[in-house]
Amino acid sequence: MISEHNKAKALLPSWASQLLLRSGLYILGFGLLLALTLATFHLPVFSSAELLFHGAFGDQFGIGRTASKATPLLLCGLGVIVAWKAGMFNIGGEGQFVSGGLLGAAVYPVLQSHHISGSIAIVCILVASAVGGAIWAGIAGFLKVRRGVDVVISTILLNFIAFQIMKWLVSGPMMEKSGGLPETPQITSKDILWHPNPQTDFHLGIAIAILVALVIWWIQYRTRFGLEMRVVGDNPTAARSNRLSSGRRQIEAMLISGALCGLAGGIEYSAMAGQIGLDFNQNWGFLAIPVALAAGLQPLYAIPSAIFFGSLFAGSVNLSRYTQSGDSVIYIIQAIVVLGLVAGQTWKMKSRRTGEVIG
Amino acid sequence: MKSPFLIGSIAALVLLSGCLSNSSPSAANPKGSSSSKQSGSFKVALLTLGPVDDAGWNALAYNGLQAVKTKLDAQVNNQVASGTQIKDALRSYAQQGYNLVIGHGYEYNAPAFDVAKNFPKTDFVTSSGSQTAPNLATFRFYLEQGFYLAGMMAAEMSKTGVIAQVGGDKVPPIASTFDAFEAGAKAANPKIKVLTVYTGNGNDVAAAKRATESVIAQHADFVIHQADNAAQGVFDACKEHHVFAFGANANQNDNQSGVVIASAVINADPAFVAVAQDVKDGTFKGSVRLVGMDTGAIEFDINPKFQAQIPAKVVASIQAAEAAIKSGKLVVPKLNF
Amino acid sequence: MKSLDVRSISKAFGATQALQNVSLTFKGGEVHAVLGENGAGKSTLVSVIAGFLKPDSGSIVSDGEELPLGQPHLTRQMGVAMVHQHFTLAPSLSAAENYTLGHLTKLGCLVNPRKKEAELKSRATEMNWSISAREKASALPVGMQQRLEILKNIGSNSEVLIFDEPTAVLTQDESAELLQSLRHFSASGKVVILIAHKLSEVLSVADQISVLRKGVLIGSVNRSEATSENLAEMMLGEPPRFDKVQTELNLSEGLRLDSVSVLGDAKNRAITNLSLEIRRGEIVGIGGVDGNGQYELSEAVTGVRKIKSGQIRFAGKINPVLAYIPGDRRAEGLALSLTLWENLLIGKKRGDGVHDGYLNLKVIRSWARNLLTKFQVKALGERDLASSLSGGNQQKVVVARELDRNPELIVALNPTRGLDIKASEFVRSSLLKASNDGAAVLLISTDLDELAEVADRVHFLQGGRLSEPSDIKAMVSQ
């Protein structure tokens, strides 16, 4: 045992070998699942897979598309990680995404009326959206800590409230004046989040998301604050008997989590959608949960995980256009991937448990 | 990682909701489409708000696309896109090098205006809408002409003196056709009473049926609709109460309810083919293209099964009005939007 | 069933040889104790007998008939019953319902709840036990839960009864009663196997004693030949050392509680008007049965729980440098899915690489490595997960963390519960050493031997009130 451990250490730093092993296994497993699913749906396995790959990585457009889909997944995934690591099972990423986008969109006309535009406007929008998400998650955190309301329940319910508020706002107070469609006004092109090439979907938000992932990793693993959040999540009783203020850490974790999901909403609003319509909630906040699980709740692993799930969405555009399948196949593949992960985890736990019988 | 069961059930729930809510709007198109990845050929894409098998607004656009395919030897592709997916769909077709992208609906106009700027090599056309650009044109289907004739026919044949129109969303294109229907009816019989109801949802069949039943209860004996996918609700209600209905957008005379006496029809084939021809020839202009009865894009088709029940006098007056419209002597009112 | 023969059983987990060629005979009418340190292979042995584990080789024969291996269901039908160390009760079901769960013969069979309730009551009376059959399992006192657990797992046809460390969670009195009931079972001719690591218990009840060490059977002796010295030697491989460091009282002022009252979780009065003084260098023991305010007292002194009235001061201050060593390290001491260095860092405010804004990992890791060596924690390295350690080593990690801050006040609540002799000795000597260095120590324990060994003075908590100091040494030697 010991010598093997050291050998692995000598060849590669342990995080790198772990990353290699993980991603290698994932790619292998995913390839198998993909082939099986495509075959089940009577789709030509190789040409469909090629379409999928081309749509996700085939050219600059595909890569941009993958990156733009991975951005909200990564940010919301990080939100899930921060909250879950602190023992707060935040299922409300979607509601926080929506409330973030809404507050960002609400700030925009105010900025316009004060003739603020360009990068200052973008910063204001993104800050507002992070605040919007944080408020929404903060409600759930507060309810849990002060009133003992289960976070899973409260965040799910807050999702529904956020959707309804959005429907009311975009078809009422925040509706664009001209067209009569239930949408907020379009952001003018000079205020849109920077795209290096306006033809591709690549935008600054991707860099922001990756930067945020690094910062979250640093907070979680290199500060006392992060350590305390994780201790509170792992064992609240231990935290309590070590005189850590667990309630405070849990609320803070929810605020950060909500801010990340809200930021995702703000980026989606200011970089991609440009406005908020009735279907602004595209389930990024929900899909972030599989992203976080596949990453083993590690902030850095969330980057490849989000890119992987993002590429599935990017590639699925082609699959639905040029095959008989439609993109429901993509959801099926994702579901199978996540079930596989969960099954793997359960199996791992089970084998650990048999080991415990010794002694 | 407290409990794998909890995590598993959450994941299952999440994915289930993902499947339920997202797969339906962009479900596979049943008519299929050919793979098109070789470059250099002439490529045309169509975006519709709903499935193209609705036998109405979306189906007529699909027929137009097929006409483009056969007449101009184009590679065609089509997809359902609504709401926030619109912009993404427009962009992705442009990214894949399509020469012409048709957005079949008013909702496509504003997003297309936004996207067109960044893709000067692709031409965009939206069915209705007012914003244009060098590479963005809009169709203005003069469907009001067909509705005008329907209004005349209903007013001349109504026994109760009450006729009605049932709409989905109250958007300018629909309101404009309803105005024309009312104008035609009033021209034929100034005393006619015209009821108007909007359900607010072009996909809610049950709501359309309830709305229709309510106008029939107010003695309407002719009902025209602009209910898109929910049209079947209107027809079903008419059948149950033995009232005539008009079809709209596509020729719905053969609807199995057997109550459609005539249809105000958009025939997209000539319009689509003409605009595609312009794109192919490099003569495309970003302008509003008003297409009406004179080019054959709008028709008013009387259901031959009911010929015996329609007085010759009525047929004659409709034919006269149609001729006047085609020659430009009669200008049907329309809203600008 | 007259006897049970275990014949050359071996079982390995990966590279660890948990059992090596173990052969033993258990006779009917005898209480046969299997002794050993944590990790000696006791639990593995009984898991093999009960069918939960399939051995790599060997067989088990009962009255000439081979028992099926690795098939707990069949084994149970043949009359082998096992009472687990951890309770397997469903907390929100009533006692009678829990009992019923243990005696369902087939899936889908109809159950008459009244009949089962009566059955439970009559079997309890048979044992001279009282069980409130309609109470929820979670509302029963621990001792009664244990009895319920026993009745649940042992059927009327059970011939071989296995008890896996049944006294781990019981108080002295409850343990004594339980051990008596083992005699009751053996008197009716059944085979009774008792897994234990406390010598005193084994000596008080067993007829035959077998000792395992590192998976090997060291020996099997009759009660008449056994003494605590020779048993301990068999277990540990060397004569045990009970050297007690002579404490030198540093009599400066330490902890002082003045008529303190504390409320429990259910807003009940858990501690009433308690006054106590512990000087620096002194170890004060608090004995008594669990649930009499011990937990609330420890939380009040550590400042985790607010007090209702009274005053707690340490040499006039409110916040002394404090160490808290709980007995239940899994629930209270450690964050199990975190690494050892992270666990050592819990509650640390600064120093050794901990800064206000960030953590200097290089410094912290070497500090953690030193600490693990100093406190003899058996681990591959400071980056191991806390969950990968054995119970004794986990407790050492807690002790290391708490004592590293050079505490002025130490509160220990059953700090050696569930630990083997070596680990217990280590924890106790750490407490003694800390008190020699001038800490005031409050040791709350249900283990009288422990109190007698370590404490300078012992009080008892009864219903939230403190007794006068007792002569614990006299009590233990009785």
Side-chain angles (χ1 to χ4, degrees), chain A residues 1-9 13-15 17-18 81 84-87 148 214-215 217-247 249 296-298 345 348-359, chain C residues 11 13-16 18-19 36-44 47 52-53 215 298-299 302-305 322 324 326 328-338 342-343 345-350 354-361 380-381 383 386-388 390-391 398 401-402 411 413 420:
Chain A
M1 269 299 273
I2 296 170
S3 63
E4 264 172 50
H5 191 80
N6 288 343
K7 224 185 279 169
K9 230 178 197 170
S14 68
W15 64 267
S17 61
Q18 245 226 315
I81 288 170
W84 286 31
K85 276 278 183 187
L214 293 171
V215 170
W217 170 82
W218 191 80
I219 291 177
Q220 290 261 291
Y221 292 95
R222 291 293 179 272
T223 69
R224 209 180 75 209
F225 173 65
L227 174 67
E228 289 188 3
M229 283 200 296
R230 288 185 296 127
V231 170
V232 166
D234 191 69
N235 188 345
T237 325
R240 182 174 134 102
S241 43
N242 281 284
R243 298 163 299 283
L244 304 182
S245 37
S246 39
R249 292 288 168 274
L297 297 185
Q298 301 289 327
Q345 232 140 24
K348 222 159 74 186
M349 250 175 227
K350 216 172 171 183
S351 59
R352 210 182 291 156
R353 234 173 257 149
T354 17
E356 268 172 21
V357 184
I358 315 174
Chain C
K11 174 77 187 169
F13 295 104
T16 319
L19 287 177
E37 290 258 275
N38 282 350
K42 305 171 304 231
S43 291
T44 311
S47 295
F52 292 111
L53 282 175
S298 70
E299 288 206 331
T302 52
V304 174
R305 189 179 287 263
L322 177 73
Y324 175 53
D328 194 346
R329 55 224 153 249
R330 282 175 170 268
E332 280 194 78
L334 297 174
L336 290 173
S337 64
L338 269 55
E342 286 170 327
N343 269 290
L345 227 53
I346 298 174
K348 194 174 178 68
K349 296 296 176 200
R350 58 177 63 208
V354 181
H355 301 270
D356 276 344
Y358 70 102
L359 305 174
N360 184 337
L361 245 55
L380 286 177
R383 291 163 77 176
S387 56
S388 68
S390 68
V398 175
R401 177 181 72 211
E402 299 296 320
V411 178
L413 177 63
D420 60 27

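A note on names: the letters A, B, ... follow the listed sequences, proteins ahead of strands, and every chain is numbered from 1. As a basis for the values below, the full set of heavy atoms in this structure was taken, side chains included, without hydrogen atoms, waters or symmetry mates.
When side chains are defined from C-beta on, A:Asn235 does not count as touching C:Leu336, because their heavy atoms never get closer than 4.5 Å.
Both the backbone and the side chain of C:Tyr358 have a heavy atom closer than 4.5 Å to some heavy atom of chain A. Residue C:Lys348 touches chain A through its backbone alone, counting heavy-atom pairs closer than 4.5 Å.
Between chain A and the options C:Asn343, C:Leu322, C:Val354, C:Val398, the largest number of non-hydrogen pairs under 4.5 Å is found for C:Leu322. Per-residue heavy-atom pair counts under 4.5 Å with chain A were compared for C:Leu345, C:Ile346, C:Asn360, and the maximum is reached by C:Ile346.
Counting all heavy atoms, side chain and backbone alike, A:Asn242 lies closest to C:Glu332 at ND2-O, 4.5 Å.
Qualifying ring pair (Phe, Tyr, Trp, His ring centres under 6.0 Å) partners for A:Phe225, counting only residues two or more places apart in sequence or in other chains: none. Legend: residues meeting salt bridge (charged side-chain N to carboxylate O under 4.0 Å, His left out) with A:Glu228, ordered by chain and number and at least two apart, are A:Arg224, A:Arg249.
Between the OG1 atom of C:Thr302 and the CZ atom of A:Arg240 there is a distance of 8.5 Å, given to the nearest 0.5 Å.
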